[in-house]
Amino acid sequence: MKQLLPGLALLSLLGWLSFNSESAAPSGSPPAAAKTFRTLLAVSLRPEQEQEQEEGETARRRSLPLPTPLSPGRAGAGAGVERGAGPGSLPLYPGELVEQGVFWSRRADRSPPAGFSELHVKRWQHRARSSRLLRLERGCGRPSNRLATFMDGSRACVRYGINPDQVLGESLSFYLSRLLGIRNVPALALSRVNANGDQWLRVRHEVQAAPWADRPVVSLSEWLGNLSEVVSPASLRPGSRSLHPLARDLANVTEREARELAQWSDLILFDYLTANFDRLASNLLSLQWDSRVMERSTNNLHRTPRGALVFIDNEAGLVHGYRVLPMWERYHESLLKTLCIFRRDTARRLAELHRSRDTAGQLLALYMASEPLAPQLGFLSQEHAQMLQARTDRLHKHILQCKAKYGK
């Protein structure tokens, strides 16, 4: 107990700072202390019970009808996803949203409007590995990361991380997303930094000034402009509803909202599989000192003007996420339980990986075939490879349980 007291005191201090800095933070931005909190993510503490929802929210939930299975007809409450006028803004019948009980309908599950196709990824990787850098400046999150500008004006986030494990986690998370058919993670390529090499020569002074080891392997991830922040839908907030195939959960959902909710379902599965705590799970932990954190923008998640969600900064995935999993597992499980509607293709690929009993082997094959610097960066340990398979199996089992409950 004595060993936990310093950590508890520091977390309490951060909670106080978060409360007091909120009024000074820009609208829609997370409090400054919330970002500082992420430096403590490896502290193994069991959080106190989550705070109760406000009385007004509780009263609203009590007024909702009892859960009923989906049936044709309009329902009476929105899903909490950002709306707008124009095509796709009219509510759909609940029966138009879900097929076979637990899968998003083809109308709702169109490919994300700006998803990163295989052709796009290959072209971007080729350009990132062969183009010269024009500028290198601070940006892209951590102080050790940089924002790079290529000669053609395109940009990339150069992620050095705290240690090579975070670069590995970022890279393997990207290739796992491709293995699952999830196209919301920006294109990524590895690069060996060489201040005297052709690619890095024009920015050699910036390289030498950066807090980097000599000739490190870094990840270059596609930088996207004109992105907006994203708030989690009400159906995925603790103490609220859920994203199950029930009339109350899909009440008044439009086609545009359904397309975004389908991407949220992929995000929950993806973060569960990679044990990435630095997005939704960290928000759940923060509820103990900030009861409205889920109403603010979600960390490391953005939206393109065409409506695609972009899952950025996956450094916490797989390697580091698995290392500190005991602290975060309850939050990953809590998020998973809110979800019982899935993209059909994602569920199919998870089933295939479950049957193969070789998720790590397939990830390694894709990684080695696609990334020339993979041998220099390494791969998952045997223990983490087993954890990846166990979490794949857990997701497949969860989908089967939802089908048994709601399937037709």
Side-chain angles (χ1 to χ4, degrees), residues 111-136 139-142 145-161 166-193 199-200 216-228 230 263 266-267 270-271 273-274 276 278-279 300-319 345-346 349 362-374 376-377 379:
S111 297
F116 305 101
S117 68
E118 290 297 326
L119 180 60
H120 172 88
V121 167
K122 290 184 182 300
R123 286 177 173 173
W124 190 90
Q125 288 179 328
H126 174 74
R127 185 167 66 250
R129 290 170 181 146
S130 60
S131 298
R132 297 178 180 178
L133 292 174
L134 177 64
R135 286 195 304 276
L136 193 66
C140 296
R142 297 185 184 279
N145 295 340
R146 292 293 184 269
L147 176 63
T149 303
F150 295 104
M151 295 294 290
D152 64 0
S154 62
R155 292 178 169 184
C157 281
V158 183
R159 300 197 183 278
Y160 178 85
Q166 292 193 323
V167 178
L168 179 60
E170 174 91 11
S171 303
L172 293 181
S173 293
F174 166 72
Y175 285 106
L176 183 59
S177 75
R178 307 310 293 183
L179 191 63
L180 293 168
I182 296 175
R183 297 185 173 187
N184 300 78
V185 181
L188 177 144
L190 295 178
S191 176
R192 171 77 74 179
V193 178
Q199 182 175 35
W200 297 86
V217 175
V218 297
S219 66
L220 305 177
S221 56
E222 183 176 6
W223 186 89
L224 302 169
N226 200 23
L227 298 179
S228 58
V230 182
Q263 296 174 77
D266 267 357
L267 175 62
F270 180 61
D271 280 356
L273 195 58
T274 62
N276 187 341
D278 199 16
R279 202 160 6 235
N300 297 327
L301 182 67
H302 295 278
R303 182 191 294 111
T304 70
R306 297 181 60 188
L309 298 184
V310 184
F311 311 165
I312 68 166
D313 192 358
N314 296 287
E315 292 174 319
L318 293 168
V319 185
D345 285 348
T346 306
R349 297 200 186 203
Q362 293 192 40
L363 175 59
L364 175 61
L366 176 61
Y367 174 53
M368 294 293 289
S370 308
E371 188 49 68
L373 290 176
Q376 281 71 48
L377 193 58
F379 190 62

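- Listed for the N184 side chain is no donor-acceptor partner under 3.5 Å among the backbone atoms of A308.
- Considering all non-hydrogen atoms of both residues, W223 and C157 come closest at CD1-SG, 3.8 Å.
- The line from OG of S130 to CD of Q199 is 7.5 Å long, rounded to the nearest 0.5 Å.
- With respect to V185, the side chain to side chain contact (heavy atoms under 4.5 Å, CB included) criterion is satisfied by exactly one of F116, Y175, F270: F270.
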Do any side-chain atoms of residues 312-319 form donor-acceptor pairs under 3.5 angstrom with protein atoms, and if so which ones, sequence neighbours left out?
| residue | atom | partner | partner atom | Å |
| --- | --- | --- | --- | --- |
| N314 | OD1 | N276 | ND2 | 3.4 |
| N314 | OD1 | R279 | NH2 | 2.7 |
| N314 | ND2 | F311 | O | 3.2 |
| E315 | OE1 | R142 | NE | 3.1 |

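- Under a 3.5 Å cut-off, the side chain of S173 and the backbone N or O of G169 do form a donor-acceptor pair.
- The structure places NE2 of H302 at 7.0 Å from CG of N300, a figure rounded to the nearest 0.5 Å.
- Taking 4.5 Å as the limit, every side-chain heavy atom of R303 sits out of range of all side-chain heavy atoms of V310.
- Atoms CG and CG, on L363 and L180 in that order, are 9.0 Å from each other to the nearest 0.5 Å.
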Legend entry - side chain to side chain contact (heavy atoms under 4.5 Å, CB included) assessment of N145 paired with V158: CA-CA 6 Å; N145 295 340; V158 183; over 6 Å; no
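- No salt bridge links E118 with R183; every basic N to acidic carboxylate O contact stays at or beyond 4.0 Å.
- Rounding to the nearest 0.5 angstrom, the gap separating the OG1 atom in T346 from the CG atom in L273 is 11.0 Å.
- Residues passing the side-chain hydrogen bond (donor to acceptor under 3.5 Å, both in side chains) test with W124: none are found, sequence neighbours excluded.
- Across R127 and S154, no two heavy atoms sit closer than the pair NE-OG, 3.9 Å.
- Here the shortest heavy-atom pairing between F174 and A187 reads CE1-CA, 3.8 Å.
- Side-chain contact between S171 and L377: present, with at least one pair of heavy atoms (C-beta onward) separated by less than 4.5 Å.
- Atom CZ of R123 is separated from atom CG of L119 by 4.0 Å, given to the nearest 0.5 angstrom.
- The backbone N or O of T304 sits nowhere less than 3.5 Å from a side-chain atom of N226 that would complete a donor-acceptor pair.
- Nearest heavy atom pair, residue R178 against residue R349, reads O-NH1, 3.7 Å.
- A distance of 7.0 Å separates CD of E371 from CG of L188, quoted to the nearest 0.5 Å.
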Inset, instruction - Please report the C-alpha distance between Q362 and L179 in whole Å, then the side-chain angles of each, then the deciding distance to 0.1 Å, and finally whether the side chain to side chain contact (heavy atoms under 4.5 Å, CB included) criterion is met. - result: CA-CA 8 Å; Q362 293 192 40; L179 191 63; 4.1 Å; yes
Inset, instruction - Would you check, one step at a time, whether the test side chain to side chain contact (heavy atoms under 4.5 Å, CB included) holds for R159 with R146? - result: CA-CA 7 Å; R159 300 197 183 278; R146 292 293 184 269; over 6 Å; no
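- Nearest approach of S219 to E170, heavy atoms of both residues: OG-CG, 3.9 Å.
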Inset, instruction - Could you go through the side chain to side chain contact (heavy atoms under 4.5 Å, CB included) check for L172 and F379 one step at a time? - result: CA-CA 8 Å; L172 293 181; F379 190 62; 3.8 Å; yes
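- In this structure, the side chains of S191 and R129 stay at 4.5 Å or more apart for every pair of heavy atoms.
- No side-chain donor-acceptor contact under 3.5 Å links S131 to the backbone of A128.
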